[in-house]
Structures are given as structure tokens and as C-alpha cells.
A.B. asks: 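Quick one: structure below, then a few questions.
Everything numeric here is computed off the predicted structure, so don't read it as measured data. Numbers restart at 1 for each chain; the letters A, B, ... are given by sequence-line order, proteins then strands. The analysis underlying the following values was restricted to heavy atoms, covering all of them including side chains, and did not include hydrogens, waters or symmetry mates.
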2 protein chains.
Amino acid sequence: MIAGPSVITPAERRRMRVRGSIIAAAERVFSREGEAGLSIRRLAEEIDYSPSAIYKYFGSKEELIDELKEAFFERLLSRVDRTQLETMPFEARSLACLSTYIDVATERPHHYAAAFSSVPGDQSANAKPIMTWADFCATRKGQAFDILLKMVAEGQASGHFDPDLDRVSAARSVWASLHGLAQLLIHLPSLADLLPSPRTNARSDFVNFHAQMILRSLRPFPVIETDRSSKSHVE
Amino acid sequence: MIAGPSVITPAERRRMRVRGSIIAAAERVFSREGEAGLSIRRLAEEIDYSPSAIYKYFGSKEELIDELKEAFFERLLSRVDRTQLETMPFEARSLACLSTYIDVATERPHHYAAAFSSVPGDQSANAKPIMTWADFCATRKGQAFDILLKMVAEGQASGHFDPDLDRVSAARSVWASLHGLAQLLIHLPSLADLLPSPRTNARSDFVNFHAQMILRSLRPFPVIETDRSSKSHVE
DNA sequence: TAGTTCTGAGAACACTGTTCAATTTTTGAA
DNA sequence: TTCAAAAATTGAACAGTGTTCTCAGAACTA
């Protein structure tokens with residue numbers, strides 16, 4: 001469609017600049033007020049363009065926001081990945097990764113919340129095609145999940161985690177627990193400070209506590225069997 | 001403001017009936033399509049009233065939806081409470097409670113999602129007053145939390161859980177993990193079925209697995225110290 | 001029955017996302 | 001440089017949204 005990939009025309013340069021200014025303004029507004037505060041008209045006003053102009057750069061508002069979410073997830077991924085590469089003992093490194101995930105999520109609460117806001121299954125037209133395992137792995141979320149998967153694998157190999165646990169199930173469980181903490185801190189920020197007797201640093205203390213609980217659940221002492229048994233209503 | 005509490009006039013009866021039909025219609029629409037599909041005009045059409053009439057019964061759309069959420073949380077609470085009262089061994093009963101929570105949440109995904117959808121801290125006018133511990137305990141969420149608190153206490157007393165864990169922190173951690181699973185199942189329903197090699201009953205199996213992981217994190221073998229130590233970046 | 005209160009309807013306001021024809025502005029070649 | 005084709009930008013308009021207002025009519029109270 002577009003000419004050569006090596007030489008970019010001034011026109012293309014200009015186009016990319018305008019496009020960039022749109023997402024920059026969108027990012028600015030969205031960070032502060034979320035999707036509720038972000039209207040096309042307001043955006044147009046901020047960058048001194050007409051509302052309809054924006055539709056030459058983005059097909060819809062949703063498409064624009066999807067790009068914000070994508071950028072956020074890339075940020076989340078790289079931050080956790082960077083933490084993962086630090087040279088520390090396994091357990092400390094795992095804790096650091098979990099903390100980093102929470103940090104990035106709560107630094108941009110609107111982004112994180114929006115990334116998990118759609119409820120599929122509405123019998124409207126947005127019936128997305130069924131996701132396969134391969135599809136998921138290609139997603140940013142899939143890549144984030146992959147980090148957890150490797151963490152579990154490493155922990156099992158080094159004897160820190162129960163080797164009888166199913167890797168995939170364990171990683172999903174960790175993700176769920178982590179995701180829950182992020183969500184709760186975002187939507188119910190008072191929770192961390194909510195104590196019969198308040199304390200300083202309550203928030204980061206609780207993040208640490210929860211992260212340790214997650215690791216605890218993975219430790220050896222195989223009291224429960226792996227989920228290979230289907231109808232295990234315990235006992 | 002209104003006359004006697006013992007005798008209800010026919011007018012009041014009629015008013016309550018109309019009000020009931022509004023929330024019934026709202027419930028019907030909201031269950032299927034969530035807040036996105038629920039508009040005042042559509043609601044008015046469904047009950048054959050004019051849009052402005054609804055404002056004689058509810059101050060705003062948000063107020064109406066708040067009532068739906070409240071009813072849902074009451075349902076959630078009573079279902080978990082009922083499970084809690086069943087006569088089973090402690091561990092099985094705890095697992096059942098956790099499963100029930102997930103069941104109710106995923107049965108009405110829009111309700112559960114909406115209950116945790118607002119992001120406070122927007123520097124707009126909706127600055128809600130700071131919540132205290134006592135305030136929170138009076139909330140439905142606070143009551144749900146109380147169930148978890150008692151569960152933890154009972155587990156510690158009976159030796160199933162680590163007695164050195166701070167009760168409140170542990171209960172919060174359990175809630176976060178549970179909440180995370182609910183959110184993930186709602187917003188990423190494919191996750192449960194996402195496996196390199198698919199299996200039947202994947203969903204309930206995973207719920208069970210995660211619930212067992214939660215209990216596992218609470219077990220004795222006190223490897224970590226309670227969060228009483230403030231700057232514990234491990235090691 | 002007269003008067004007051006309450007219920008409901010309809011129009012209107014200020015928004016929203018989105019589209020479309022018309023109008024610039026920029027571009028590439030004769 | 002000139003001129004047509006292409007791209008960029010706009011303002012008006014459409015179909016929605018939540019909400020408020022005024023006003024007519026029904027239902028209670030005295």
C-alpha cells in the first residue's frame with residue numbers, strides 16, 4: 001500500500017507526528033481520568049484539530065484505546081522482564097517480579113483496569129473468534145503468562161516449588177492471585193490501609209505479604225494432589 | 001416524611017410496584033448486557049413509561065445500578081453464608097465456600113465486574129469520604145470479608161492454618177486471590193480452557209485447584225514471618 | 001367539592017461516537 | 001511553474017446518551 005519501507009517521505013513523517021500527538025494527548029487524559037474522561041471532542045480540542053480528523057488516524061475510539069492498552073502491557077511486560085533478569089537468589093527475584101507487576105499495575109490504574117474490563121459473551125456482534133492456546137501465547141498477556149510459567153518451572157527445578165504441581169495450572173493460579181491483588185488495590189485502595197490499628201507502609205507491606213503467600217502456596221510438602229484427578233471435592 | 005410505617009396506603013403499594021418493575025427490567029437487561037446495554041430510554045420503553053418518569057423513582061442511573069449491585073452482593077453473601085453453615089469437615093467446607101464465591105460471581109459476570117469497576121482517585125467531584133475500618137465493616141463487602149476472617153480464625157484455632165499469620169492480612173490475601181480468579185474467569189473466560197491439550201471440566205477443575213492453592217498458602221510450616229516486620233525484602 | 005400533592009409525559013439541553021459531503025492543502029508530474 | 005490528482009481537514013448532521021424542565025392530569029386530603 002505504502003511506498004518504500006527504507007525511505008519515508010516528509011508526508012509520512014508529518015502523518016506520524018500528528019498520530020503521535022493524538023496518542024500522546026490520549027495517554028495524558030486517560031492516565032488521569034480513564035476512559036470516562038476521554039472523549040473524541042476533548043481530544044480534538046487538546047491537539048487543535050477537528051473531531052472528525054481523528055478518524056483518519058484511528059478507526060474508532062476503541063481502536064485508539066486498544067493502542068494505549070497495548071503500550072501499557074508492553075511496559076508491564078518489559079518492567080517485569082527486567083526485574084526477572086536481575087541477579088538475585090531465586091526466591092527474592094520471584095518476589096521482586098510479583099511486586100513489580102503490582103507496582104506497574106497500580107501506577108496506571110486506569111490502564112490496568114481497562115485491560116480487564118470487557119465482559120465477553122454478550123450476545124451482541126462483538127463475538128470474537130475462539131482463542132486457542134497458540135493464539136493466547138502470541139498475545140501480550142500470553143507473554144506475561146509465559147514469564148510466570150518459566151518462574152514456576154525454575155522453582156520446581158531448583159526444589160523451591162512442589163514438582164508435582166501442574167506447571168500451567170500453578171502459573172495460572174499465581175496469575176489469578178496476583179491479578180486479584182492488583183484489582184483490589186486499584187478499585188478498593190482503602191483496603192490496604194484498612195486495619196483495626198493503622199500503620200505506615202501498610203500498602204507495600206501487604207503487597208509483600210501477599211507475594212509471600214503466593215510463593216508459600218507453591219512450596220513442596222505435597223499435601224494436595226495435582227489436578228489430574230477430575231472430581232476431587234476433597235476428602 | 002411519609003406517614004405511618006405500619007399501614008401502607010394503596011398509593012405507596014402502587015409506587016412500590018412500579019419501582020419494582022423498573023428494577024426488574026433493569027435486572028433483566030443488566031444481567032444479559034451489563035451497563036453498556038442499559039439505557040434509561042430502553043428501560044422506559046420496556047416498562048411502557050416515559051424516560052423522565054424513572055427519575056421519580058431513582059435519582060440517577062448510577063443510583064439504580066447501585067441498587068442492582070447491592071442486591072447482587074446480598075445474594076453473594078447469603079450463598080456463601082449458607083455454604084458456610086453446612087456440616088462438613090473444616091477443609092471441605094472452606095473449599096466449598098471459595099467455590100461458591102466463584103460460582104455466584106461467574107453466574108452474573110456483569111454484576112460482579114460492575115461492583116469492582118470504579119477507579120477512585122480521579123480528581124473530579126466524586127471524592128468519596130475516607131473510609132475507616134468501621135465504615136468498611138458495615139459494607140456488604142465488609143461483611144463478605146468478615147466471613148473470610150472467621151474462616152481464617154477457625155482454621156488457625158483448629159490447627160489447619162498457621163497460627164502465626166496475621167488474621168486480617170491473611171484474610172485479605174485470600175480475598176485477593178479469590179477475587180483474581182473471579183475476575184480472570186469473567187474477563188478472560190478462555191483462560192480456564194486454555195491448555196496445550198484441552199480437557200473436559202477444565203473450568204471447575206481449575207477453580208478447585210486454585211482454591212486448594214489458597215488453602216495451601218495458609219498451612220502451617222511457618223517459613224515466613226508475619227508481616228509485623230516492616231522492611232522485609234526477604235533474605 | 002375545592003385545593004394540594006404527586007405522577008407521568010414531552011420537549012429540550014448538553015453531551016457522546018461517528019459519518020459524509022465539501023473544502024482546503026499538499027503532492028507529483030508535465 | 002502550472003495543473004490535476006490525492007490526501008488532509010473541516011463543519012454540519014445523525015443517532016444515541018443521561019438529565020432537567022415545564023406542564024397537564026390523576027389522586028389523595030380537607
A.B. asks: Between the base of C:dG17 and the side chain of A:Arg41, is one N or O donor paired with an acceptor at under 3.5 angstrom?
C.D. replies: yes
A.B. asks: State which of D:dT19, D:dT10, C:dG17 makes the closest approach to the side chain of B:Ile40.
C.D. replies: D:dT19
A.B. asks: Expressed as a whole number of angstroms, how long is the span from A:Arg13:CZ to C:dT27:C1'?
C.D. replies: 18 Å
A.B. asks: Let's go through A:Glu86 and A:Arg93 carefully: what are the C-alpha distance in whole Å and the side-chain angles of both, what is the deciding distance for salt bridge (charged side-chain N to carboxylate O under 4.0 Å, His left out) to 0.1 Å, and is it a yes or a no?
C.D. replies: CA-CA 7 Å; A:Glu86 285 178 21; A:Arg93 184 155 34 91; over 6 Å; no
A.B. asks: Under 4.0 Å between any heavy atoms, over every strand shown, what does A:Tyr57 touch: base, sugar-phosphate, or nothing? Just pick one.
C.D. replies: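 Answer is sugar-phosphate: A:Tyr57 comes under 4.0 Å of backbone atoms only.
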A.B. asks: For the side chain of B:Ala53, starting at C-beta, report the closest nucleotide among C:dG17, C:dA9, D:dT10.
C.D. replies: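 When the side chain of B:Ala53 is considered, C:dA9 is the closest of C:dG17, C:dA9, D:dT10.
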A.B. asks: With rounding to the nearest 0.5 angstrom, report the OG to CZ distance, A:Ser50 to A:Arg41.
C.D. replies: 10.0 Å
A.B. asks: To the nearest Å, give me how far apart NZ (A:Lys56) and P (C:dT23) are.
C.D. replies: 16 Å
A.B. asks: From the options D:dT19, C:dA9, D:dT17, select the nucleotide whose nearest atom is closest to the side chain of B:Pro51.
C.D. replies: D:dT19
A.B. asks: By the 4.0 Å heavy-atom rule, please label A:Ser50 as base, sugar-phosphate, or nothing.
C.D. replies: base
A.B. asks: Within the 4.0 Å heavy-atom criterion, would you say A:Leu64 contacts the bases, only the backbone, or no part of the nucleic acid?
C.D. replies: nothing
A.B. asks: Please classify the nucleic acid contact of A:Leu43 as base, sugar-phosphate, or nothing, using heavy-atom distances under 4.0 Å.
C.D. replies: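 If one applies the 4.0 Å heavy-atom cut-off, A:Leu43 turns out to touch nothing in the nucleic acid.
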A.B. asks: Starting from C1' on C:dG8, measure out to CD1 on B:Ile22 and report it in whole angstrom.
C.D. replies: 11 Å
A.B. asks: For A:Arg42 and C:dC15, what is the distance between atoms CZ and C1' respectively, to the nearest whole Å?
C.D. replies: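 After rounding, the reported distance stands at 14 Å.
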A.B. asks: Does the structure place the NZ or CZ of B:Lys141 under 6.0 Å from the centre of the six-membered ring of B:Phe136, at an angle of no more than 45° from the ring's axis?
C.D. replies: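 The answer is no; the distance or angle limit is not met.
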A.B. asks: Among C:dT7, C:dT19, D:dT9, which nucleotide sits nearest the side chain of B:Arg14?
C.D. replies: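 Side chain of B:Arg14 sits closest to C:dT7.
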A.B. asks: May I have the distance from A:Ile54 (atom CD1) to D:dG11 (atom C1'), rounded to whole angstrom?
C.D. replies: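 My rounded result for the distance is 15 Å.
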A.B. asks: Nearest whole Å is fine: how far is D:dA7 P from A:Arg17 CZ?
C.D. replies: 19 Å
A.B. asks: Taking donor-acceptor contacts at under 3.5 Å, does the side chain of B:Ser52 reach the base of C:dG10?
C.D. replies: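 Check passes, donor-acceptor contact within cut-off.
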A.B. asks: Which of these nucleotides, C:dT7, C:dG17, D:dG11, is closest to any side-chain atom of A:Tyr55?
C.D. replies: C:dG17
A.B. asks: With a 4.0 Å limit, can you tell me whether A:Ser39 has a side-chain N or O closer than that to the phosphate oxygens OP1/OP2 of C:dT16?
C.D. replies: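 Affirmative; the distance criterion is met.
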A.B. asks: Taking CZ from A:Phe58 and P from D:dA8, how many angstroms apart are they, rounded to a whole number?
C.D. replies: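 Checked: the CZ to P distance equals 14 Å.
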A.B. asks: If the cut-off is 4.0 Å, is B:Arg15 near the phosphate of C:dC6, judged by side-chain N/O to OP1 or OP2?
C.D. replies: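 No, because none of the side-chain N or O atoms of B:Arg15 sits under 4.0 Å from OP1 or OP2 of C:dC6.
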A.B. asks: I'd like to know whether CD of A:Glu63 has more than 12 heavy-atom contacts from other residues, nucleotides or ligands below 6.0 angstrom.
C.D. replies: yes
A.B. asks: Select one nucleotide: of D:dG18, C:dC20, C:dG8, the one nearest the side-chain heavy atoms of B:Lys61.
C.D. replies: D:dG18
A.B. asks: Using whole Å, what does the distance between atom C1' of nucleotide D:dA6 and atom CD of A:Glu12 come to?
C.D. replies: 14 Å
A.B. asks: Answer yes if the side chains of B:Glu27 and B:Ser31 hold a donor-acceptor pair under 3.5 Å, and no otherwise.
C.D. replies: yes
A.B. asks: With respect to the side chain of A:Tyr49, which nucleotide from D:dT9, C:dG17, D:dT19 is positioned closest?
C.D. replies: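 The listed nucleotide nearest to A:Tyr49's side chain is D:dT9.
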A.B. asks: Would A:His179 and A:Tyr112 count as a close aromatic pair, with their ring centres under 6.0 Å?
C.D. replies: yes
